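Side chains included, hydrogens not; waters and symmetry mates left out as well; all remaining heavy atoms used. If you're wondering where the values come from, they're calculated on a predicted model, not measured in any experiment. Whatever order the structure lists ligands and atoms in, that order sets their numbers, starting from 1.
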Amino acid sequence: MENTAVALSGVSAGYENQLVFADLTVAFSQNQITCILGRSGSGKSTLLQLINGMVRPINGSVLLFGKGLDYSRIAHQRLSIGYVVQNTGLFPHLTIQRNITLLGQIAGLPKPKLEQRLNQLMDMAQLPSAALTRYPHQLSGGEQQRVGICRALFLNPPVLLMDEPFASVDGTTKEAIFLYIKTFQASEPRTMIWVTHDWDEAENLCDQFILLEKGRISVQGQRDELPSLRVNNLQQS
Ligand code: ADP
Ligand code: MG
């Protein structure tokens, strides 16, 4: 498919004692938000880790814009794949400014560019500039999560992976964060692959979804198919 950003083709993968995926084939469309739904242990996190090369397939391949991941330069490849996790992964001893600009500094961007991107992201996430000199623990959970997203987006990666980033954020804060996500997606569209076990979250945000069950895709569809699927799923459990 021409508009595919990320694809897995015939992938078998897992851990020493456990095969999580056997012959998994799936494609993620460019500039769409795809939610990965599924119970705990169904393989959602492993799927994201396959995409960013933290887990390597035993068989099959992972393709990024049509090219197989090059594991010999995986650190470089990851610059085009943002990754946001639940506990934000912010560095506690670095200020918010340093946390957000980290990847830009590593990539050697000149100072004016760093500042320009920093300001742009702070604006989009509606973070006050007073936060720049603070440390992560001095911000609320929701603010920290927004900082985590700003950091992941610093180099404007074409692909963003999110692994249940809002599991510990309360409902009202979540609503606000979803608005920021929509703002980001409107101003700089990218391919988002978003793991959640929260169907409300998926119904609110995704364009498409995948339902994983024990390492297999049991359903793949568009957002408007979610409500009826949800009713059926609840009836089954
Ligand atoms: P999910 O994110 O949907 O909860 P995971 O991808 O984390 O599922 O896990 C899929 C399966 O792989 C589970 O059975 C889990 O116990 C196992 N698993 C996950 N991570 C590891 C690991 N680092 N080592 C061994 N087994 C793992
Ligand atoms: Mg997980």
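- Using modelled atom types, one finds no donor on one side chain facing an acceptor on the other under 3.5 Å when comparing Thr196 with Asp198.
- Closest heavy-atom approach to atom 12 (O) of ligand 1 among the candidates Val55, Asp163, Leu48, Val20: Val20.
- In this structure, His137 and Tyr135 have parallel ring planes: the angle between them is below the 30° cut-off, well short of the 60° mark.
- Side-chain N/O atoms of Glu164 and Trp194 include no donor and acceptor closer than 3.5 Å.
- The shortest contact between atom 15 (C) of ligand 1 and any protein heavy atom is with Gln18 OE1, 4.0 Å.
- Distance CG/Asp163 to OG/Ser45: 3.5 Å, rounded to 0.5 Å.
- Linking Ile, Leu, Val, Met, Phe, Trp and Tyr whenever their side-chain heavy atoms come within less than 4.5 Å leaves Leu63 and Leu47 in two separate clusters.
- Contact check for Phe28 versus Gln208: no side-chain heavy atoms found under the 4.5 Å cut-off.
- In terms of protein heavy atoms, atom 6 (O) of ligand 1 is closest to Thr46 OG1, 2.5 Å.
- Residue Ser40 does not count as close to the Mg ion (ligand 2), with no N, O or S atom under 2.8 Å.
- Every atom of ligand 1 is numbered from 1 in the order shown, and the set under 4.0 Å from a heavy atom of Arg39 is 3 (O).
- Atom numbering of ligand 1 starts at 1 in the shown order; those under 4.0 Å from a heavy atom of Ser40 are 4 (O).
- Ranking the protein heavy atoms by distance from atom 4 (O) of ligand 1 puts Gly41 N, 2.7 Å first.
- The nearest protein atom to atom 7 (O) of ligand 1, hydrogens excluded, is given as Ser45 CB, 3.7 Å; this is a heavy-atom distance.
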Evaluation steps, salt bridge (charged side-chain N to carboxylate O under 4.0 Å, His left out), between Glu188 and Arg117:
CA-CA 12 Å; Glu188 38 182 70; Arg117 182 66 173 153; 2.8 Å; yes
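- Scanning the protein for heavy atoms near atom 8 (O) of ligand 1, the closest one is Gly43 N, 3.3 Å.
- Looking at atom 27 (C) of ligand 1, its nearest protein heavy atom turns out to be Tyr15 CD1, 3.2 Å.
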